[in-house]
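Structure first, then comments.
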Amino acid sequence: MRTFLKPLLAQDPRFVSFYAPIFQSLTGKNLLKLGQQVHAQMALRGFEPDAYLGAKMVAMYASSDDLDSAVAIFHRVNNPSTLLYNSIIRAYTLHGFSEETMEIYGRMHCLGLKGDNFTYPFVLKCCAELSRIWIGKCVHGLSLRVGLESDMYVGTSLINMYVKCCDMSDARRLFDKMTVRDVSSWNALIAGYMKDGEICLAEDLFGQMPGRNIVSWTAMISGYTQNGLAEQALFLFDEMLKKDSRVKPNWVTIISVLPACAHSAALERGRNIHNFASRIGLESNVSIQTALLAMYAKCGSLLDARQCFERVRQTQNNLVAWNTMITAYASHGRGSEAVSTFEDMIVAGVQPDNITFTGLLSGCSHSGLVDVGLKYFDYMKTVYSVEPGVEHYACVVDLLGRAGRLAEAKDLISKMPMQAGPSIWGAMLSACRKYHNLEIAEIAASCLFILEPENSGNYVMLSNIYAEAGMWKEVDNLRVLLKAQGVKKNPGCSWTEVNGKAHLFLGGDTSHPQAKEIYEFLLDELPKKIKAAGYVPDTSFVLHDVSEEEKEHSLTTHSEKLAIALGLLNTSPGVVLRVTKNLRICGDCHTATKLISRIYKREIIVRDLNRFHHFKDGNCSCGDYW
DNA sequence: TTAGGGTTAG
């Protein structure tokens with residue numbers, strides 16, 4: 001081509017109308033090669049894209065994740081337009097480059113190019129991502145000036161921006177002012193209220209909204225799950241299937257409801273949802289498999305969890321799945337499996353992150369792998385370039401504390417580069433209880449009382465330490481303090497699924513229809529059998545300064561014992577009993593459950609606040625180290 | 001070319 005022809009051709013509108021639809025049709029990764037060929041041919045002909053064609057080309061490259069080429073084209077265009085800027089803003093936003101988007105938007109603004117209904121939603125998404133509410137407010141002002149306040153996309157994006165920046169009052173004000181609302185505007189506000197813990201306000205909106213789609217239902221379900229309201233989440237999931245046949249649950253719905261099963265340890269419910277996901281063709285989804293993995297692990301079935309992991313491994317090398325598997329082993333006290341899974345992950349070429357190390361270190365801690373844990377704590381920074389956070393220090397304090405190395409743990413706390421939080425002092429206090437160190441216990445407890453005055457668990461823990469030392473006066477003083485502070489004690493409760501139905505017990509609970517049978521078993525049959533096997537009630541776990549006989553009675557009716565009794569009375573031999581407790585299992589229940597597993601030849605899996613205990617043949621998977 | 005729901009840890 002003669003050089004003098006090039007400027008002429010560059011002006012030729014026929015070239016634009018020729019190439020634009022071609023580039024527009026070549027979107028997606030598998031068409032990238034073709035797009036590159038057309039681009040090369042165009043360049044050979046000496047044709048430089050104008051703003052319109054440039055926008056199409058930017059979109060094409062962005063759709064196949066070739067952001068570098070998209071950016072290069074953007075910079076070559078001489079007279080940029082709003083359309084061109086929109087295309088690069090879209091490309092950056094969809095690839096998670098929020099900072100770059102903001103920079104480009106700033107440049108657009110300086111050039112005097114006006115943003116439009118396509119610009120603002122992306123820019124606002126980035127403001128939300130970066131929590132830049134002040135820029136979001138400027139965009140809000142600008143959109144009002146150019147008359148875009150009534151655009152549904154801009155309006156909903158503004159609501160979402162306020163929601164993500166934790167400004168619910170402005171989000172609500174905007175919502176109330178909107179003349180035309182879309183189902184998405186309602187959804188954004190519902191999600192905001194749920195995130196804020198304002199369940200009733202979210203429920204009100206959900207009740208009032210004119211039409212619901214799958215996102216509305218999912219926002220409610222995930223909101224319940226995230227606020228610990230597992231029962232409501234599961235109920236609403238069923239309601240959705242029953243009442244709204246038009247909505248089709250998708251993968252987000254499934255991964256939102258699964259944590260509710262995990263939370264309530266409802267294994268059968270979880271299995272049903274798993275089957276449901278398979279029936280609607282979602283089983284191959286990696287996020288669903290990972291959520292299933294977590295659910296099975298939290299419901300006590302490591303075998304099912306591992307199967308989900310293997311399914312993910314067949315197709316993907318996914319960081320979240322590795323992390324979930326490592327964490328699953330850790331919570332089940334399978335430290336060496338957590339370590340070997342971590343090593344497999346490294347061999348598979350996946351870069352670990354902060355969550356990987358939280359799982360790995362807690363796995364070492366729960367299994368007493370002290371030196372291995374300390375080695376990985378060192379490696380995380382030196383070998384894997386992951387900066388230890390407060391949660392990792394908490395794991396190491398726990399690791400040292402459980403092994404009785406209290407002085408080293410205390411030393412580590414004093415050398416931490418950040419302020420010690422509740423997790424650190426909580427781990428220290430537990431260690432002090434195990435090793436009867438009153439002096440450090442009082443230091444840890446006094447920090448905890450300042451850091452989280454509302455947490456009754458800390459008062460109870462110190463009270464237990466005093467009680468074990470026979471310091472009843474201090475126990476009483478603490479009780480007075482608890483009352484004066486207005487702290488409500490968190491009552492211990494346990495639950496179990498028997499033949500697919502959940503049963504909840506409080507300590508000393510007599511409200512269950514089978515209470516008579518349960519109490520006869522616990523007060524008569526069981527003591528005879530376990531005492532014959534060498535059981536001595538460990539009354540040091542009882543708080544009150546009362547007679548030994550009364551202490552023993554109070555132990556006998558701990559909620560976990562009631563739940564185990566119900567399971568033994570209602571299931572056939574060979575059925576694994578699964579019990580979940582909202583607090584840590586007490587030492588006496590731990591001893592008794594080991595004996596029950598031997599005498600009644602039952603596998604019993606107890607999930608407590610921190611971990612799993614697998615009782616079998618008179619032993620526990622924690623090796624009495626918890 | 002545009003908005004809304006998101007699995008792992010704590």
Side-chain angles (χ1 to χ4, degrees), chain A residues 24 27 55-56 58-60 62-63 82-91 93-94 115-125 128 148 151-161 163-164 181-192 194-195 209 212-223 225-226 247 249-259 262 285-295 297-298 308-309 312 318-328 330-331 353-362 389-392 394-395 421-423 426 609-610:
Chain A
Q24 196 158 1
T27 48
K56 301 292 172 201
V58 166
M60 178 202 75
S63 77
T82 296
L83 179 77
L84 179 73
Y85 267 90
N86 284 352
S87 68
I88 196 72
I89 282 174
R90 176 176 181 270
T93 311
L94 294 183
D116 63 12
N117 54 324
F118 290 103
T119 322
Y120 295 134
F122 288 120
V123 173
L124 288 165
K125 200 187 182 99
L148 279 172
D151 181 276
M152 260 176 329
Y153 285 92
V154 176
T156 305
S157 301
L158 280 167
I159 292 179
N160 189 48
M161 184 274 297
V163 161
K164 295 272 159 63
R181 294 185 197 119
D182 188 63
V183 61
S184 296
S185 332
W186 291 82
N187 293 346
L189 202 62
I190 286 175
M194 279 300 198
K195 195 168 138 262
M209 66 192 295
R212 300 166 186 154
N213 63 10
I214 188 60
V215 179
S216 329
W217 287 96
T218 307
M220 287 299 292
I221 292 169
S222 77
T225 312
Q226 281 157 17
V247 297
N250 57 25
W251 66 279
V252 184
T253 321
I254 303 295
I255 63 175
S256 300
V257 72
L258 283 173
N285 181 293
V286 172
S287 298
I288 288 190
Q289 282 302 333
T290 311
L292 283 168
L293 196 177
M295 180 276 292
K298 286 181 181 161
C308 294
F309 180 66
V312 176
N318 180 284
L319 171 69
V320 180
W322 282 103
N323 284 352
T324 313
M325 196 65 239
I326 291 170
T327 307
S331 65
D353 68 357
N354 59 328
I355 297 173
T356 319
F357 284 102
T358 312
L360 181 64
L361 293 173
S362 75
V390 71
E391 65 277 23
H392 306 106
C395 286
S423 56
L609 192 62
N610 294 332

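First the proteins, then the strands, lettered A, B, ... as listed; each starts at 1. Scope of the values below: all heavy atoms of this structure, side chains included, with no hydrogens, waters or symmetry mates.
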Rounding to an integer number of Å, can you tell me how far [X] [atom1] sits from [N] [atom2]?
X: A:Asp353; N: B:dA9; atom1: CG; atom2: C1'; answer: 9 Å
X: A:Trp186; N: B:dA3; atom1: CH2; atom2: P; answer: 22 Å
X: A:Leu158; N: B:dT2; atom1: CG; atom2: P; answer: 18 Å
X: A:Asn117; N: B:dT2; atom1: CG; atom2: C1'; answer: 7 Å
X: A:Asn354; N: B:dA9; atom1: CG; atom2: P; answer: 12 Å
X: A:Leu292; N: B:dT8; atom1: CG; atom2: C1'; answer: 13 Å
X: A:Leu148; N: B:dT2; atom1: CG; atom2: P; answer: 16 Å
X: A:Lys164; N: B:dG5; atom1: NZ; atom2: P; answer: 4 Å

I'd like to know if the side chain of [X] and the backbone of [Y] have a donor-acceptor N/O pair within less than 3.5 Å.
X: A:Lys125; Y: A:Thr93; answer: no
X: A:Ser423; Y: A:Glu391; answer: no
X: A:Thr156; Y: A:Tyr153; answer: no

Could you please name the option among [options] that lies closest to any side-chain atom of [X]?
X: A:Arg90; options: B:dT7, B:dG5, B:dT2; result: B:dT2
X: A:Asn160; options: B:dT1, B:dT7, B:dG5; result: B:dG5
X: A:Ala291; options: B:dT7, B:dG6, B:dT1; result: B:dT7
X: A:Ala219; options: B:dT2, B:dA3, B:dG5; result: B:dG5
X: A:Ile255; options: B:dA3, B:dG5, B:dT7; result: B:dT7
X: A:Thr327; options: B:dA9, B:dG10, B:dT1; result: B:dA9
X: A:Met152; options: B:dT1, B:dA3, B:dG5; result: B:dA3
X: A:Thr253; options: B:dT8, B:dG5, B:dT2; result: B:dG5
X: A:Val215; options: B:dA9, B:dG5, B:dT2; result: B:dG5
X: A:Asn86; options: B:dT7, B:dT8, B:dT1; result: B:dT1

Which part of the nucleic acid, if any, lies within reach of [X] when heavy atoms closer than 4.0 Å are counted: base, sugar-phosphate only, or nothing?
X: A:Asp182; value: base
X: A:Val154; value: nothing
X: A:Thr290; value: base
X: A:Leu189; value: nothing
X: A:Ile214; value: base
X: A:Thr156; value: base
X: A:Ala191; value: sugar-phosphate
X: A:Asp151; value: nothing
X: A:Thr358; value: sugar-phosphate
X: A:Phe118; value: base

Should [X] be listed as having a side-chain N or O under 4.0 Å from OP1 or OP2 of [N]?
X: A:Lys195; N: B:dG6; result: no
X: A:Gln226; N: B:dG5; result: no
X: A:Lys298; N: B:dT7; result: no
X: A:Ser222; N: B:dG5; result: no

> Quick one: side-chain hydrogen bond (donor to acceptor under 3.5 Å, both in side chains) partners of A:Thr356, sequence neighbours excluded?
Replying inline: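 Counting only residues at least two positions away or on another chain, A:Thr356 forms a side-chain hydrogen bond (donor to acceptor under 3.5 Å, both in side chains) with A:Asn323, A:Asp353.
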>> My understanding is that only residues two or more places apart in sequence, or in another chain, count here; which of them pass side-chain contact (heavy atoms from CB on, under 4.5 Å) with A:Met220?
In response: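 A:Ile190, A:Met194, A:Ala202, A:Glu203, A:Phe206, A:Tyr224, A:Leu236.
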> With a 3.5 Å cut-off and no angle check, do the side chains of A:Asp116 and A:Thr119 form a donor-acceptor pair?
Replying inline: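 Note: A:Asp116 and A:Thr119 side chains meet the donor-acceptor criterion.
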> Are A:Asn187 and A:Ser184 close enough that a side-chain donor and a side-chain acceptor fall under 3.5 Å?
Replying inline: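 Result is no, nothing qualifies.
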>> Tell me whether the ring of A:Tyr153 lies stacked over the B:dT2 base, given a 5.5 Å limit on centroids and a 30° limit on the plane angle.
In response: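 Taking the rule of under 5.5 Å and under 30°, the ring of A:Tyr153 does stack on B:dT2.
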